[in-house]
Q: 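Sharing a structure below in structure tokens format, with a few things to ask.
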Amino acid sequence: MLRYQINGQGPALFFLHGFLEDAEIWDALIGPLSLNYTCIQIDLPGYGTNTDSLFPDQLAEISHALEHLREKLSLNSFSIVGHSMGVYIGLAWLELAKIQPRAFVAVNGSVYGDNPERLIERKRSISLIQRHKDAYVKMAIKGLFLQEQLTLYFDEIAQLTTRALKVPKLTLTQSIRAMSTRVDHRQTLKNFLGHKHLVAGDQDPLFPRALSQDMALNTGAKLHTYSGSHMGWLEAPELILTILGSERIPSASN
């Protein structure tokens, strides 16, 4: 179900990408982090190098696959870094993991389930993908950036779009269905005793600043904001590196 690549040596970091993305989004972070960490970049089913796999109906299926991978790699010390949909999957994994991670870093994600308005938007997205997939992909990716960022990140948007256009239609619709049926995980993160961080853009169109503040208040996570939109891995990589470095996530024998 999962494809992955490993770089570096030290405490393990699992990187989970979001919807319309792939493991490649983390490449700029892997270079510096791999000096001190074992970095494991996951291509979720249907994405990146894993387009021959089918994205499941429930995100929990992926979290079980991640736990199986952790056991296969004999990792007793690990942390999770997720972006957007990757945060949802990471939270599901956090709930069932036999060994608690040392840290959980949620980049542009939510611990809450979808509200009624968001569920309606998801149904519309599925309908549009089924009729005009390529148009949807191009529109959706641009919609994750501020208007003034479209020129600044022109090359990155073009590269991300080119890769996302290769994702099968069924993967996209299954991803949306799985996200729409996810459960509320605020208690999961609240009960987690390790390092927990929320990274949020102050103008994120999907998760307003007030929502991020509410999530931090309700879970005890530390909130880090940056000036920008929904793509923290691209807009604020130094912030993510600082979070992982400043907490000095302890080494432990794997």
Q: Sorted by first residue and then second, give each side-chain hydrogen bond (donor to acceptor under 3.5 Å, both in side chains) pair with at least one member in residues 148-157; sequence neighbours left out.
A: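 Sorted pair list: Q149-E235.
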Q: Quick check for you: to the nearest 0.5 Å, what is the distance between D184 atom CG and L189 atom CG?
A: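 Rounded to the nearest 0.5 Å, the CG-CG separation comes out at 11.0 Å.
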Q: If you compare all heavy atoms of G48 against all heavy atoms of T51, which two are closest, and at what distance to 0.1 Å?
A: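 Looking at all heavy atoms of both residues, the shortest contact is O-CG2, 3.6 Å.
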Q: Nearest heavy-atom pair of A164 and V137: which atoms, and what distance?
A: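 The pair with the smallest heavy-atom distance is CB-CG1, 3.6 Å.
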Q: Should we count NZ of K142 as having more than 12 external heavy atoms under 6.0 Å?
A: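 Atom NZ in K142 is not packed in, count stays at 12 or less.
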Q: Between the main-chain N or O of G194 and the side-chain N or O of Q100, is there a donor-acceptor pair closer than 3.5 Å?
A: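 Answer holds: no.
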Q: When you measure from the side chain of Q174 to the backbone of F55, do you find a donor-acceptor pair of N or O atoms at a distance under 3.5 Å?
A: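 Answer holds: yes.
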Q: Is any side-chain heavy atom of V183 closer than 4.5 Å to a side-chain heavy atom of H185?
A: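 Yes. Closest side-chain heavy atoms under 4.5 Å.
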Q: Quick one: does K222's side chain have a donor or acceptor within less than 3.5 Å of a partner on L198's backbone?
A: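 Not a single qualifying donor-acceptor pair exists.
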Q: I'd like to check L20 versus L160 (side-chain heavy atoms, cut-off strictly below 4.5 Å). Are they in contact?
A: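 They are not in contact (no side-chain heavy atoms under 4.5 Å apart), so the answer is no.
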Q: Within the 3.5 Å criterion, strictly below it, is a donor on D27 or Q41 matched to an acceptor on the partner's side chain?
A: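 Result is yes, a qualifying pair exists.
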Q: Nearest 0.5 Å please: distance from the OG1 atom of T219 over to the NZ atom of K196.
A: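 Those atoms lie 6.0 Å apart.
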Q: Would a distance-only check, ignoring hydrogens and angles, find a side-chain to backbone donor-acceptor pair under 3.5 Å from N108 to G232?
A: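 Yes; at least one donor-acceptor contact below 3.5 Å.
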Q: Same hydrophobic cluster for I6 and Y47, using side-chain heavy-atom links shorter than 4.5 Å among ILVMFWY?
A: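 In one cluster with I6: Y47, yes.
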Q: Would you call the rings of H230 and F207 parallel, tilted or perpendicular, where under 30° means parallel and over 60° means perpendicular?
A: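 Taking F207 first and then H230, their aromatic rings sit tilted (interplane angle of 30° to 60°).
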Q: Inspect the contact between E24 and R163 and indicate whether a charged nitrogen and a carboxylate oxygen are less than 4.0 angstrom apart.
A: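 Counted as a salt bridge, because a side-chain N and a carboxylate O are separated by less than 4.0 Å.
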Q: Quick check for you: to the nearest 0.5 Å, what is the distance between N191 atom CG and R186 atom CZ?
A: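 CZ of R186 is found 12.5 Å from CG of N191.
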Q: State whether R209 and D204 are salt-bridged, where the test is any N-O pair (Lys NZ or Arg NE/NH1/NH2 against Asp/Glu carboxylate O) under 4.0 Å.
A: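 Not counted as a salt bridge, because no side-chain N and carboxylate O are separated by less than 4.0 Å.
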Q: L241, L234: one ILVMFWY side-chain cluster at the under-4.5 Å cut-off?
A: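 Linked within one cluster.
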Q: Is there a side-chain contact (heavy atoms from CB on, under 4.5 Å) between H64 and L96 once you walk through the steps?
A: CA-CA 8 Å; H64 280 285; L96 63 84; 3.7 Å; yes
Q: Can you measure from CD (E21) to CZ (F19) and round to the nearest 0.5 angstrom?
A: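 Output value for this atom pair is 10.0 Å.
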Q: Apply side-chain contact (heavy atoms from CB on, under 4.5 Å) to residues L44 and N50 and explain how you reach the verdict.
A: CA-CA 7 Å; L44 298 171; N50 201 11; 5.9 Å; no
Q: Is K133 reaching over with its side chain to a backbone N or O of L165, donor-acceptor style, under 3.5 angstrom?
A: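 The answer is yes, because a donor-acceptor pair under 3.5 Å joins these two groups.
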Q: Under 3.5 Å, side chain of R102 to main-chain N/O of I80, donor-acceptor pair present?
A: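 Flag not set: sc R102 to bb I80 has no pair under 3.5 Å.
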Q: For A200 versus S212, what's the shortest heavy-atom pair and its separation?
A: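 What the structure gives for the nearest pair is CB-OG, 3.3 Å.
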Q: Closest heavy-atom contact between I141 and I157?
A: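 Where I141 meets I157 most closely, the heavy atoms are CG2-CG2, 4.1 Å.
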Q: Look at E121 together with R118 and state whether they make a salt bridge at an N to O cut-off of under 4.0 Å.
A: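 Looking at E121 and R118, the cut-off is met.
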Q: Are F104 and H195 an aromatic pair, judged by ring center distance below 6.0 Å?
A: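 Not close enough - the centres of the two rings lie 6.0 Å or further apart.
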Q: Linking I/L/V/M/F/W/Y whenever their side-chain heavy atoms sit closer than 4.5 Å, directly or via other members, would I126 and V167 fall into one cluster?
A: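 As far as the 4.5 Å side-chain criterion goes, V167 and I126 are connected within one cluster.
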Q: Within the structure provided, determine whether T181 and D57 are in side-chain contact (heavy-atom separation under 4.5 Å).
A: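 The answer is no; the side chains never approach within 4.5 Å.
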Q: State plainly whether one hydrophobic cluster holds both L239 and L152, where clusters connect Ile, Leu, Val, Met, Phe, Trp and Tyr through side-chain heavy atoms under 4.5 angstrom apart.
A: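 Same cluster.
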Q: Drop me the distance from S125's OG to M179's CE, to the nearest 0.5 angstrom.
A: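 Answer for the OG-CE pair, S125 versus M179, is 8.5 Å.
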Q: When you measure from the side chain of S175 to the backbone N and O of T171, does any donor-acceptor pair fall under 3.5 Å?
A: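 Checked: pair present.
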Q: Has the side chain of T38 got a donor or acceptor atom that lies under 3.5 Å from a matching backbone atom of G10?
A: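 Yes; at least one donor-acceptor contact below 3.5 Å.
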Q: Identify whether M139 and M85 are in the same connected component of the hydrophobic contact network (ILVMFWY, side-chain heavy atoms under 4.5 Å).
A: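 Cluster IDs for M139 and M85 match.
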Q: Mind checking the CG-NE2 spacing from L73 to H68? Nearest 0.5 Å is all I need.
A: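 If we round to the nearest 0.5 Å, L73:CG and H68:NE2 are 9.5 Å apart.
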Q: Can R122 and D114 be counted as an ion pair, charged N to O under 4.0 angstrom?
A: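 Salt bridge present between R122 and D114.
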Q: Does CD belonging to Q9 count more than 12 external heavy atoms closer than 6.0 Å?
A: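 It does not: Q9 CD has 12 such atoms or fewer within range.
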Q: Is there a side-chain contact between S110 and Y88 (heavy atoms, below 4.5 Å)?
A: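 S110 vs Y88: side chains touch.
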Q: Would you indicate whether the side-chain heavy atoms of E67 and R70 approach each other to under 4.5 Å?
A: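 Side chain of R70 against side chain of E67, heavy atoms only: contact under 4.5 Å found.
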Q: Taking atom types as modelled, find out whether T225 and D202 have a side-chain donor-acceptor pair closer than 3.5 angstrom.
A: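 Side-chain D/A pair, T225 to D202: absent.
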Q: Has the side chain of K169 got a donor or acceptor atom that lies under 3.5 Å from a matching backbone atom of R131?
A: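 It does not hold such a pair.
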Q: Name the orientation class of the two ring planes belonging to F14 and F78 (parallel below 30°, tilted from 30 to 60°, perpendicular beyond 60°).
A: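 Because their plane-to-plane angle is over 60°, the rings of F14 and F78 count as perpendicular.
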Q: Please step through side-chain contact (heavy atoms from CB on, under 4.5 Å) for the pair I62 and L2, ending with a clear verdict.
A: CA-CA 8 Å; I62 300 177; L2 302 174; 4.1 Å; yes
Q: Below 4.5 Å, heavy atoms only, C-beta onward: do T49 and Q5 meet side chain to side chain?
A: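 Counting from C-beta outward, T49 and Q5 never come under 4.5 Å.
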Q: Should the ring pair W26 and F15 be called parallel, tilted or perpendicular, given that the plane angle runs from 0 to 90° and is split at 30 and 60?
A: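 Geometry flag for F15 against W26: tilted rings.
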Q: Under 3.5 Å, is there a donor on one side chain and an acceptor on the other for D214 and Y112?
A: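 Checked: D214/Y112 side chains pair up, N/O donor to acceptor below 3.5 Å.
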Q: Given 3.5 Å as the limit, does a donor-acceptor pair link the side chain of S229 with the main chain of L144, or not?
A: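 Confirmed, S229 side chain pairs with L144 backbone.
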Q: Taking NZ, NE, NH1 and NH2 as the nitrogens, is one of them in R3 or D52 under 4.0 Å from a carboxylate oxygen of the other?
A: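 Salt bridge present between R3 and D52.
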